[in-house]
Amino acid sequence: MAIAKAERLMNLALCLLGTRRPLSKRELRGSIEAYIEAGSDDSFNRMFERDKDDLRELGLVIETVESLDGDTGYLARRDSNRLPPVSLDVEEAAALGLAAKVWQQARLAGAASGALQKLRAAGMPLADDPAPYDGRSALEPRIPVHEAAFEPLMLASRDRRPVVFDYRKSNAARPETRQVEPWILESWRGHWYLAGWDRERQAERVFRLSRITGKVRSKAGAYTAEVPDHVTVRETVESWAGEIATSTARIKLRSGHGYPLRAKALGTRDLGDGWDELEIPYGHGLDAWLVEFGPDVVVLEPAELRADVVDRLRAVAKG
């Protein structure tokens with residue numbers, strides 16, 4: 001159904017852009033196969049009006065012209081639907097070049113590369129073009145995407161398709177099946193997270209892609225929950241990943257280790273014997289982050305954080 005509609009819209013747009021005079025409904029119906037197969041006049045009229053509105057929402061300027069004999073015709077003048085020349089200053093061109101480099105390891109690499117080629121063809125120098133002084137760009141940004149779940153989840157988020165996948169919590173020995181309406185993917189601290197609506201729990205949840213096991217499977221049907229705006233989703237991801245702190249925690253950290261923790265520290269004290277005491281922001285997800293530092297971190301307080309870290313370590317030990 002989606003492919004048939006897209007093809008119908010494309011054919012209608014081509015007819016309206018390719019004509020030099022207004023085309024009547026009768027002429028358009030005889031030129032587009034989907035309209036010929038519409039059946040009744042009422043069915044065709046409803047289909048045509050929906051398609052016309054959809055094309056206008058997509059940005060196509062469609063003119064309605066009344067002829068001398070009273071018939072209504074439609075056309076899309078090329079001069080009204082032609083984009084103005086793309087003009088970028090040095091900073092804007094550099095930003096585009098760097099942004100495209102970010103995605104060179106992900107599925108968007110092809111689209112990003114194609115866009116840059118078009119800009120180069122228009123004579124615009126970009127940040128990833130060889131520098132005249134050393135032949136290399138000074139900046140090499142990267143957002144690596146190694147998780148197999150990234151591409152199917154990105155497509156499902158774009159197309160608003162529910163998905164099913166097996167997910168293993170950091171403190172669980174076995175994965176469990178989750179049914180999710182994906183909203184958006186966010187990268188935080190080198191990890192990718194999916195924010196969406198968990199159908200079984202009837203609440204929003206955030207999933208770390210590296211903990212998704214097996215294949216991501218699409219489900220039929222529409223979303224059951226309203227998709228929030230982008231800002232709200234980003235805040236949800238940051239909150240669940242531990243970015244938003246609600247209090248502080250005290251930890252012991254082995255000297256010369258845990259530099260990301262030291263960068264977040266509100267205070268540091270040398271304890272001697274190769275250990276430091278740090279006061280760090282405490283928010284949701286801190287226990288999972290501390291586990292990643294293994295034996296180089298010991299939680300002093302609060303007690304619930306210490307217990308959560310111990311539970312996660314025990315789960316990892318059990319396999």
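Computed from a predicted structure; not experimentally measured.
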Visitor: List the steps and the verdict of salt bridge (Lys or Arg N to Asp or Glu O under 4.0 Å) for R29 and D41.
Guide: CA-CA 10 Å; R29 185 176 186 180; D41 291 341; 2.5 Å; yes
Visitor: For Q202, look at atom CD and say whether over 12 heavy atoms of other residues, nucleotides or ligands are found less than 6.0 Å away.
Guide: yes
Visitor: Checking side chain to side chain donor-acceptor pair (under 3.5 Å) for the pair S24/D71: CA distance, chi angles, key distance, verdict?
Guide: CA-CA 7 Å; S24 65; D71 290 338; over 6 Å; no
Visitor: Between CD of E301 and OG of S247, what distance do you get to the nearest 0.5 Å?
Guide: 10.0 Å
Visitor: Answer yes or no: is there a side-chain heavy-atom contact under 4.5 Å between K252 and L300?
Guide: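 Yes, their side chains come closer than 4.5 Å.
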Visitor: Under 3.5 Å, is there a donor-acceptor pair between the Y35 and D51 side chains?
Guide: yes
Visitor: Can you find a heavy atom in the side chain of R82 that is under 4.5 Å from one in the side chain of D79?
Guide: yes
Visitor: Can you tell me if R168 and T213 form a side-chain donor-acceptor pair at under 3.5 Å?
Guide: no
Visitor: Are the aromatic rings of W192 and F150 close, with centres under 6.0 Å apart?
Guide: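 Yes.
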Visitor: So, applying ring-ring contact (aromatic ring centres under 6.0 Å, His included) with F207, which one of Y193, W197, F165, W183 is it?
Guide: F165
Visitor: Does a donor on one side chain sit under 3.5 Å from an acceptor on the other, for E277 and T268?
Guide: no
Visitor: Check the pair K169 / R174 against side-chain contact (heavy atoms from CB on, under 4.5 Å), numbers first and verdict last.
Guide: CA-CA 8 Å; K169 293 181 179 179; R174 295 184 179 86; over 6 Å; no
Visitor: Going by heavy atoms in the side chains, are V180 and P162 under 4.5 Å from each other?
Guide: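 No, too far: nothing below the 4.5 Å cut-off.
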Visitor: For this output row, return yes or no: ring centroids of F293 and Y259 closer than 6.0 angstrom.
Guide: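 Between Y259 and F293, which both carry aromatic rings, the centre distance is not below 6.0 Å.
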Visitor: Output, in order, the C-alpha distance, side-chain angles, deciding distance and verdict of side chain to side chain donor-acceptor pair (under 3.5 Å) for E147 and S210.
Guide: CA-CA 6 Å; E147 295 87 350; S210 61; 4.9 Å; no
Visitor: Locate the shortest heavy-atom distance separating I32 from C15; write the atom from each residue and the value.
Guide: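 The pair with the smallest heavy-atom distance is CG1-SG, 4.1 Å.
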Visitor: Quick check: closest heavy atoms across N81 and G59, and the distance to 0.1 Å?
Guide: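 Heavy atoms only, the tightest pair is OD1-O, 4.0 Å.
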Visitor: Do V297 and L261 have side chains that approach each other closer than 4.5 Å (heavy atoms only, starting at C-beta)?
Guide: yes
Visitor: May I ask you to say whether R254 pairs ionically with D296, meaning some side-chain N is under 4.0 Å from a carboxylate O?
Guide: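 So R254 pairs with D296 through a salt bridge.
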Visitor: What do you reckon, is CG of D159 surrounded by more than 12 foreign heavy atoms closer than 6.0 Å?
Guide: yes
